Amino acid sequence: MTTTDNDTPLDFIRATIVKDLETSKYGGKVQTRFPPEPNGYLHIGHAKSICLNFGVANEFNGVCNLRFDDTNPSKEEIEYVQSIEEDVRWLGFDWDDRLYFASDYFERLYDFAVQLIKIGRAYVCDLSADEIRAHRGTLTEPGTESPYRQRSVEENLDLFARMRAGEFEDGSRVLRAKIDMASPNLLMRDPVMFRILHATHHRTGDEWCIYPMYDFAHGLSDSIEGVTHSLCTLEFENNRPLYDWFLDQLAVYHPQQIEFARLNLTHTVLSKRKLRKLVEQGYVNGWDDPRMPTLSGLRRRGYTPEAIRNFCDRIGVAKTNSVVEIDLLEHFVRQDLNLRAPRVMAVLNPLRVVIDNYPEDQVEELDARNNPEDAGTGSRKIPFSRVLYVERDDFLEEPPKKWFRLAPGREVRLKHAYYITCTRVVKDENTGEVIELHCTYDPETRGGSSPDGRKVRGTLHWVSAAHALDAEVRLYDRLFASPNPDDVEEGADFVANLNPNSVNILKSGKVEPSLAGALPGMRYQFLRKGYFCVDPDSSEGALVFNRTVSLRDSWAKIKRGLNKGQGK
RNA sequence: UCGGGGGUCGUUCAACGGUAGGACAACGGACUUUGAAUCCGUGAAUCGGGGUUCGAAUCCCUGCCCCCGAGCCA
């Protein structure tokens, strides 16, 4: 796609770009950047930004850079840059050779700072962090000027060079911009540009002991790269005047910062701090736990890049703070997987069924469509024999109204196979638990339809006991029980809202034999159950599946209605 | 309340002075060898109060509510 569809309304950012193109503000050029800090894993919120930045670039024949905002060595690690690159690529975007790091610009940033000192717009301040805070004033009162504010250019130059040379301890001095201590915007009250940090940087090692702050580094990095539209989230609106100030004072190329609302999703958290807590305190099994909203988690869960991109397209871009329902995300995986996931039969909670009138040693190979949504996918053979497994949930000894699955005396269709009628229920003598069903089949119904045309409402999935493969099936659900995890009692925090049933591991699943060679990452629809994918923990002979998302379940709704009717 | 942003169906995005529309969700129906998918249909919103105008979600005034900002984080 190289053009923008005129029929669909443009979001305010694209509208701005169209206008800038018309006025030739940047000479008809569009360049964006995705600027993650490598201090955590990417999540679905970042996907929104990635889709926006790369999407906009693609649509307007521009380019989008991947730039790591690695200005704080104490928090950043190489592990994160690798995962971020992998995730952006997986999502389907390409930065070609434009992989940049803010740390690549440290020398130039240092030079820019020297320039600012020379024109009297920056000074070395010896105040402690606490003192600087005290001098900053408050939201309603102006700040007071630092006693070091009037240092001479020469002294500032000397001190700044010595900061770089490592003569001073962490926190003993900073370089500040000389702006306006009375500005109503606190960020303009002589913000810190460089701080002393004797820390090893993941890329520059020990070359530097002073590091630039975000506000100073970001705009200049954009400028150096020739970014036209610097898209960021709403909380940076207050930073824009500062972004502009540095660029104006230095009289360098000046991109424009535009802010949009970050993504919030119900039933999950999207803050690095909270996600890190879940990982570090063991509430989940790592950044790629399938319950995590991280891209690595979603990938392991079975989400497709297409589903995530479609989701990001649909939620749009605006300035309103909003919380998107997670149902919308789930809708897009279902939509995508419905079209492409092969259908397969898997019994999650097996209940043994013996077809009494089916010959002992007979095995039939029956045809099964691979995907009714895509005729091109053809069909496969599945074995049918005397002893089968069906889903325990599909049998009820005393069925409620509207139940058309298995029950004593009831006839149902086994998908792709035969009609069977339940004739006897075997129970455990002690517990009363149903342990086996005996049924008869109608040989006339092979393939799943009867010559007499009689109607059977229920169609069940099944596997042949002798041929089925064992599988572990991990049923994942929403990580948080509450739509808003932060909605907690006084004193509690978001982990109090963790969904205790966010994962349910079933060890005794039985799947059809065609799944024997299923490899990690492969996605299937388990008929009537949901979409599943093979987990990396899986191996031949020890299959492990993750539930990506269940199928929509209107029986569950009916059941709720029935229960309500009975006052249950 | 000092500054900056924002308030449209349950949710989200649109409508840019001219019939408030889409998607998800909900509800009802059709179809169905997945109680899936698909198809059809229904209900559902302009924060309040003034004003300008033939006509206001849109422009003006005013009030209310929400978010962001006092890191040597980004």
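Because the structure is predicted, anything quoted here is derived from the model rather than measured. Letters A, B, ... mirror the listed sequences (proteins, then strands); counts begin at 1.
- When heavy atoms are screened at a 4.0 angstrom cut-off, A/Phe194 is found touching no nucleic acid atom at all.
- Across B/G3, B/A23, B/G35, the shortest atom-to-atom separation from the side chain of A/Arg405 is found for B/G35.
- Ranking B/G7, B/A23, B/A74 by closeness to the A/Thr320 side chain, first place goes to B/G7.
- Among the protein residues, A/Glu259 comes within range of no part of the nucleic acid, since none of its heavy atoms lies under 4.0 Å from any strand.
- A glycosidic torsion no more than 90° from 0 defines the syn conformation; B/G28 lies beyond that range and is anti.
- Minimum atom distance to the side chain of A/Glu325 is reached by B/A25, of the listed B/G35, B/A70, B/A25.
- Using a 4.0 Å heavy-atom cutoff across all strands shown, A/Phe404 reaches at least one base atom of the nucleic acid.
- Taking the six-membered ring for Trp and the full ring otherwise, A/Phe236 and A/Tyr214 have centroids separated by under 6.0 Å.
- Counting non-hydrogen atoms under 4.0 angstrom, A/Ala129 reaches a base of the nucleic acid.
- Under the Watson-Crick and G-U wobble criteria, each requiring two contacts below 3.5 Å, nucleotide B/A23 is paired to B/U11.
- Here the side chain of A/Leu139 is nearest to one of B/G71, B/C2, B/C13, namely B/C2.
- The 5' end of RNA chain B is approached more closely, in terms of each residue's nearest nucleotide, by A/Gly458 than by the other of A/Ser74 and A/Gly458.
- Within 4.0 Å of A/Ser554, counting heavy atoms only, lie sugar-phosphate atoms of the nucleic acid but no base atom.
- Nucleotide B/C39 forms a pair with B/G29, judged by Watson-Crick or G-U wobble geometry with both contacts under 3.5 Å.
- Using cut-offs of 30° and 60° on the angle between ring planes, the pair A/Tyr100 and A/Tyr105 is tilted.
- Put simply, the side chain of A/Asn238 and the base of B/G3 share a donor and an acceptor less than 3.5 Å apart.
- Across all strands shown, A/Ser128 has heavy atoms under 4.0 Å from base atoms, whether or not it also approaches the sugar-phosphate.
- Residue order along RNA chain B, read from the 5' end via each residue's closest nucleotide, puts A/Asp327 first among A/Asp327 and A/Leu127.
- For A/Thr71, no side-chain nitrogen or oxygen approaches OP1 or OP2 of B/C73 to under 4.0 Å.
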One pair to check against ring-ring contact (aromatic ring centres under 6.0 Å, His included): A/Tyr80 and A/Tyr41. What are the steps and the verdict?
CA-CA 6 Å; A/Tyr80 296 125; A/Tyr41 279 65; 5.7 Å; yes
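- Using a 4.0 Å heavy-atom criterion, one finds that A/Leu460 contacts no nucleic acid atom at all.
- Among the protein residues, A/Val456 comes within range of no part of the nucleic acid, since none of its heavy atoms lies under 4.0 Å from any strand.
- Taking atom C1' on both nucleotides, B/G7 is separated from B/U12 by 14 Å, rounded to a whole Å.
- Checking B/C72 for Watson-Crick or G-U wobble geometry (two distances, each under 3.5 Å) identifies no partner in any strand.
- Minimum atom distance to the side chain of A/Glu237 is reached by B/G5, of the listed B/G5, B/A70, B/C72.
- Spacing between atom CG of A/Asn310 and atom C1' of B/C13 amounts to 15 Å, rounded to whole angstrom units.
- Residue A/Ile315 is classed as a sugar-phosphate contact, given heavy-atom separations below 4.0 Å to backbone atoms only.
- The shortest distance between the side-chain N/O atoms of A/Arg195 and the OP1/OP2 oxygens of B/C73 is below 4.0 Å.
- Taking only distance into account, the side chain of A/Asn321 never meets the base of B/C66 through a donor-acceptor pair shorter than 3.5 Å.
- When the shell of 6.0 Å around CD of A/Glu169 is examined, it contains 12 or fewer heavy atoms from other residues, nucleotides or ligands.
- Under the 3.5 Å distance criterion, the side-chain polar atoms of A/Arg446 are left unmatched by any main-chain donor or acceptor of A/Ala417.
- Using N1 to N3 plus N6-O4 or O6-N4 for Watson-Crick, or N1-O2 and O6-N3 for G-U wobble, each under 3.5 Å, B/C54 pairs with B/G18.
- Among the nucleotides B/G35, B/C73, B/C72, the one closest to any side-chain atom of A/Ile132 is B/C72.
- The nucleotide whose nearest atom lies closest to any side-chain atom of A/Ala318 is, among B/A23, B/A14, B/A74, B/A14.
- The residue A/His416 sits close to a base: some heavy atom pair falls under 4.0 Å.
- A salt bridge is absent between A/Asp327 and A/Arg334; no separation between the charged side-chain nitrogens and carboxylate oxygens falls under 4.0 Å.
- Contact check, A/Arg552 against B/G35: no side-chain N or O comes under 4.0 Å of OP1 or OP2.
- Using a 4.0 Å heavy-atom criterion, one finds that A/Asn185 contacts no nucleic acid atom at all.
- Protein atom CD of A/Glu391 is 12 Å distant from nucleotide atom P of B/G35, rounded to whole Å.
- Defined by atom type and a distance below 3.5 Å, a donor-acceptor pair is missing between the side-chain atoms of A/Asp222 and A/Gln257.
- Side-chain proximity of A/Glu37 to the nucleotides B/G35, B/U8, B/C73 is greatest for B/C73.
- When the side-chain nitrogen and oxygen atoms of A/Lys319 are compared with OP1 and OP2 of B/G7, none of them lie within a distance under 4.0 Å.
- Look at A/Arg528 and you'll find a side-chain N or O under 4.0 angstrom from OP1 or OP2 of B/G35.
- For B/U34, its base sits under 3.5 Å from the side chain of A/Arg343 at one donor and acceptor pair at least.
- For the atom pair CG of A/Leu197 and CZ of A/Phe194, the computed distance is 12.0 Å after rounding to the nearest 0.5 Å.
- Residue A/Pro372 is classed as a base contact, given a heavy-atom separation below 4.0 Å to a base.
- Nucleic acid contact class of A/Ile558 (heavy atoms, under 4.0 Å, all strands): base.
- The residue A/Arg133 sits close only to the backbone: its heavy atoms come under 4.0 Å of sugar-phosphate atoms, none of a base.
- Here A/Arg136 reaches the OP1 or OP2 of B/C72: one of its side-chain N or O atoms lies under 4.0 Å away.
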